[in-house]
Amino acid sequence: MTALYLLLPELLIGGLAFLVLAADLLLPARRAPIVGWLAALGMLALAFFCATWWGAAGAMGELYVLDRFALLFKILALVMGAIVILMSLDYARRRLPGAGEYYGLIVFAALGMALMTGATELLTAYIGLELLNFSLYVLVSYSKWNPKSNEAGTKYILLGAISSAVLLYGLSLLYGLTGTTNYAGIAQALASGTPSPGLVAALVLILGGLGFKIAAVPFHMWAPDAYQGAPTPIAALLAVAAKAAGFGLLVRLLAEALPSTLPLIGPPLAAVAAATMVLGNTVAIRQRNLKRLLAYSSIGQVGYLLVGLAGFGAGAAEAIVFHLAGYAATNFAAFLVVIIVENRTGDEDIDDYAGLAERAPFAAFALTAAFFSLAGLPLLAGFVTKFYLFLTAAQAGLIWLVAIGVTMSVVSLYYYLMVIRQLYVVAPIKVGPLPMTATERALLSVLVVATIAIGVAPAPLFVIVRSAVAPLFG
Amino acid sequence: MNIPLLSLMTLTPLVGALVLLVLPRDRHGLIRAVALAAAGISAAAAVAVFLVYDTVRAGFQLAERLPWLPQIGIDYALAVDGSSVVMLLLTGIVIVTGVLISWRVDYRPKDFFALLLLLVAGVYGVFCSTDLFFFFFWYEVAVLPMYLLIAVWGSTNKEYGALKLTLMLVAGSILIWIGLLMLYVASGINSFDLFRLQHITFDPLTQSIAFLLFMIGFGVLAGMWPLHTWSPDGHVAAPTAVSMLHAGVLMKLGAFGILRIAMTLLPEGARIWLPVLLVLATVNVIYGALSAMSQRDLKYVIGYSSVSHMGYVLMGLASLSLIGTTGAVLQMFSHGIMTALFFAMVGVIYDQAHTRDIAAFRGLICTMPAVSVLFILAGLASLGLPGLSGFVAEFLVFSGLAQAQAWLFVVLAVVGVAITATYVLRLIARVFFGPPEAAWRALRDGTPLDVAAGASLAFVLVAVGLYPAPLIGPIVGSVLPIVRRLGGVE
């Protein structure tokens, strides 16, 4: 228990969350933006604090670890949470009046993500995951007067609860088989002996339960409805941050607890990856609503990341984290444009984006850059991160899966171009400039610059990712 | 001299595009000036590269290298050999004339020139990258702006042409991507460096599969039959400068990729697949020429003639002979200049007449003498009139085929020239001669800028036709090691 100080970042995040809630209670409702700023700046400050710990390492018994991987995901969770809050400020002002606890819940979600990726024990990881999920359940249905938001929230809660039960059942089986819930202990117990039917059942249930959280096919059905119904910044939180944390948990679990089962779970994961890539990208073609399109496109992106899990190893783990970081900047940029447009005009349909290049040139440019990055074109983050992801898969002998992946990239380019066509080619239906707030403009600039910077000079990020992943593979 | 010429050449257009992004939208004059300056500096650097390149020493020169992602073996590495310098020269000439011809673009010129510069940066990058990752990187950079350039600023059926072109090219690049990953994994040296990979002998199965992937992937961009269909539609739809760059330079990237990557790294694969390429290329020549003959739109004629002429390039590459391969690279240059001139002049005509229907015109030489003369000159080069560059290049290709004793293909290639002569002469007679139509009396000749751009292209056609040695020297030096490794005829 001497290593209690290792929990300091988590304690501070929790403290910030309660502080935000208290501020919400004390301040009048019209002061909600102050609460938002408090939460966002507090999270950024904590992210900076975590960064100063870079290189520190230690474990709290068998429960919890502080290594570079955990630190990187804490930083990511905090920064992503702060971005979501900054994206929400104007949106909440217009559409979610008095949304003080909204910000507090986002901080709790970040705490959940930090716990998930730092845990080295099944139940601790599970508790982190549930903290994230419960925050999301409330956030998704936060637009109280919007029936779609309520529907989305209800669906998400029901399916989420079922998947949690499935996951928990799998975890209990694994505990029954190995006699421990500690990652290293599980790895040790599984290292000797042949895989039993019980182990197969446990793995199926665990991966199924987690597959739901990251919206892998066939557990993806909730995602489009939830994205469409949720307040749009929360859709971004779901699409980017929750997924990143889910993959963080999966990477640590596979690397530390289940390395001996990789030959067993590789082929089914490859099949799931292929199905996820194909379904996400082909169904996206038919979408008329941009939020649903983004939902399916991010299912497709999950497919690419699953390719990494299917050919899992140190390189693939790096590739997953690398891709996640680039994907975060890119997808947040896309969502921010959607938020800006929706918030000003109420428009969500792709056709409503006609002539955006005339009305809001910078937003149109940012959305185009984000889409080209998601499609994997160069000078942008998506090209190099996806290239490395597929490179590691090819090294693992999964060239057929790579072929599906790159083919689906072309399919995705098609539906992204259909949106870009609206922006630049089709004449506007509505006229007049579409202003954005200074915060939105600054945030969008930062995200676009980050997308380009990773695409042009990926080495610094890669070095960080490599040193973060290294401890997992000892 | 320590100026990093190759980076200067490749990155100046990118910087130019960035500068354009921050300029105010309505300062059209300033926007054009910046675009011309960026194009001009890069072209001047390309000319300097051509002059500095030491033909006697041959091999790769002017190398630059910076680690980019050294952990997985990617370097930002540039260097040029004899074929590269010729292609860079072509790129420089076409982009400058392309910017001049685009002077009258006044719909969102800022975005137009930024995308045009992005496109040309990609082209420069491909021609001088010696790291396969970056080769692919720049290749995709060149594809990236195409959709918007065509769909926003194009004409006839532009959205269809733009989408078809983009998706087909990107689909082709998938195969290249897979091929690159295969080589990277099979080599086991964790490097994308061309020079290091050159020393690896890949096993025959890998060679065969990878060569096929590259042949089809690059073949799409090179307009290889039957994957050429994007090319006429795309070129017709594109705005003038984009047609010039695309048909003039971008299609060459495909052929260049086959030469630089597939034939250089995969000699075994080349021996298996080059005969197939030879057959397909011959179909290109004949099919392209016949299709050109039956077109009614001036731009479609040129589009199909490009398909036909790219056939000669591919035939030369597939001839497995030193002379033929040299001819192929020279044909890339010659066709690039010629087709740029074609598209530039058609653009001038279309901007005033708003039609490109061949049947609508008659006697244009009376109203637009300079434009007509320049167009006719390009036509004569395309049918291989001695004294113009097309003749030299095609003659070399035929000689190479003869040397390789592929007599049937020599005959078919010459038939292709005959068909070309038929449609070109018929077109010229129909459009430019005869009594002028009253409807077209109001047409004016090209502006001084148009004529200057066209005349400089025409000058290159004549100069290379009369004295091709400065180009042939470096080309021979660069293709000799490749042909030798393939066991071709020297």
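We use all heavy atoms of the structure for the numbers below, so side chains are in, but hydrogens, waters and symmetry mates are not. The shown structure was predicted, so the numbers you read here are calculated from the model rather than taken from an experiment. To find a chain, count down the sequence lines: A is the first, B the second, and so on, and within it residues start at 1.
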Asker: Go through the steps for A:Thr368 and A:Tyr416 under the test side-chain hydrogen bond (donor to acceptor under 3.5 Å, both in side chains), then give the verdict.
Answerer: CA-CA 8 Å; A:Thr368 307; A:Tyr416 293 132; over 6 Å; no
Asker: With a 4.5 Å cut-off on heavy-atom pairs, point out which of A:Leu380, A:Val402, A:Val456 contacts chain B the most.
Answerer: A:Val456
Asker: Nearest 0.5 Å, please: how far is CD in A:Gln422 from CG in A:Leu290?
Answerer: 10.5 Å
Asker: Which heavy atom of A:Leu374 sits nearest a heavy atom of A:Gln301, and at what distance?
Answerer: O-NE2, 3.3 Å
Asker: Would you mind checking which part of A:Tyr388 comes under 4.5 Å of any heavy atom in chain B, side chain (CB onward), backbone (N, CA, C, O), both or neither?
Answerer: side chain
Asker: Sort out for me which of B:Arg25, B:Met182, B:Glu159 touches chain A most, counting heavy-atom pairs under 4.5 Å.
Answerer: B:Glu159
Asker: Measure distances from A:Arg466 to the heavy atoms of chain B and classify the residue's part below 4.5 Å as side chain, backbone, both or neither.
Answerer: side chain
Asker: Less than 4.0 Å between a side-chain N and a carboxylate O, is that true for A:Glu358 and B:Arg108?
Answerer: yes
Asker: If you count heavy-atom pairs within less than 4.5 Å of chain B, which of A:Ala393, A:Pro458, A:Ala459 leads?
Answerer: A:Pro458
Asker: Whether the A:Tyr415 and A:Gln287 side chains hold a donor-acceptor pair (N or O, under 3.5 Å, no angle test) is what I'd like checked.
Answerer: no
Asker: Please tell me if the side chains of A:Leu356 and A:Tyr424 come closer than 4.5 Å, counting only heavy atoms from C-beta onward.
Answerer: no
Asker: Which atoms of B:Leu21 are under 4.5 Å from chain A, going by heavy atoms: the side chain, the backbone, both sets, or neither?
Answerer: side chain
Asker: Could you go through A:Ser373 and A:Thr330, starting from their C-alpha distance and side-chain angles, then the distance that decides it, and tell me whether this counts as side-chain hydrogen bond (donor to acceptor under 3.5 Å, both in side chains)?
Answerer: CA-CA 7 Å; A:Ser373 175; A:Thr330 304; 3.2 Å; yes
Asker: Give, as side chain, backbone, both or neither, the part of B:Leu148 having an atom under 4.5 angstrom from any heavy atom of chain A.
Answerer: side chain
Asker: Heavy-atom distance under 4.5 Å to chain B: side chain of A:Phe365, backbone, both or neither?
Answerer: side chain
Asker: For each of A:Ile420, A:Leu417, A:Leu377, tally heavy-atom pairs with chain B at distances under 4.5 Å, and name the one with the top tally.
Answerer: A:Leu417
Asker: Measure distances from B:Trp68 to the heavy atoms of chain A and classify the residue's part below 4.5 Å as side chain, backbone, both or neither.
Answerer: both
Asker: Within the 3.5 Å criterion, strictly below it, is a donor on B:Ser7 or B:Tyr76 matched to an acceptor on the partner's side chain?
Answerer: yes
Asker: Side chain from CB out, backbone as N, CA, C, O: work out which of these in B:Leu144 comes under 4.5 Å of a heavy atom of chain A, or both, or neither.
Answerer: both
Asker: Please check if any side-chain donor atom of B:Ser42 sits under 3.5 Å from a side-chain acceptor atom of B:Tyr124, or the reverse.
Answerer: yes
Asker: Measure distances from B:Phe137 to the heavy atoms of chain A and classify the residue's part below 4.5 Å as side chain, backbone, both or neither.
Answerer: both
Asker: Under 4.5 Å from any heavy atom of chain B, what part of A:Tyr414 do you find: side chain, backbone, both or neither?
Answerer: both
Asker: Examine whether an atom of A:Val411 lies under 4.5 Å from a heavy atom of chain B, and if so say whether it belongs to the side chain, the backbone or both; otherwise answer neither.
Answerer: neither
Asker: Please classify the contact of B:Phe192 with chain A as side chain, backbone, both or neither, using a heavy-atom distance under 4.5 Å.
Answerer: side chain
Asker: If we ignore angles and hydrogens, is there a donor and acceptor under 3.5 Å between the side chains of B:Glu140 and B:Ser173?
Answerer: yes
Asker: Between A:Ala375 and chain B, which part of the residue has a heavy atom less than 4.5 Å away: side chain, backbone, both or neither?
Answerer: neither
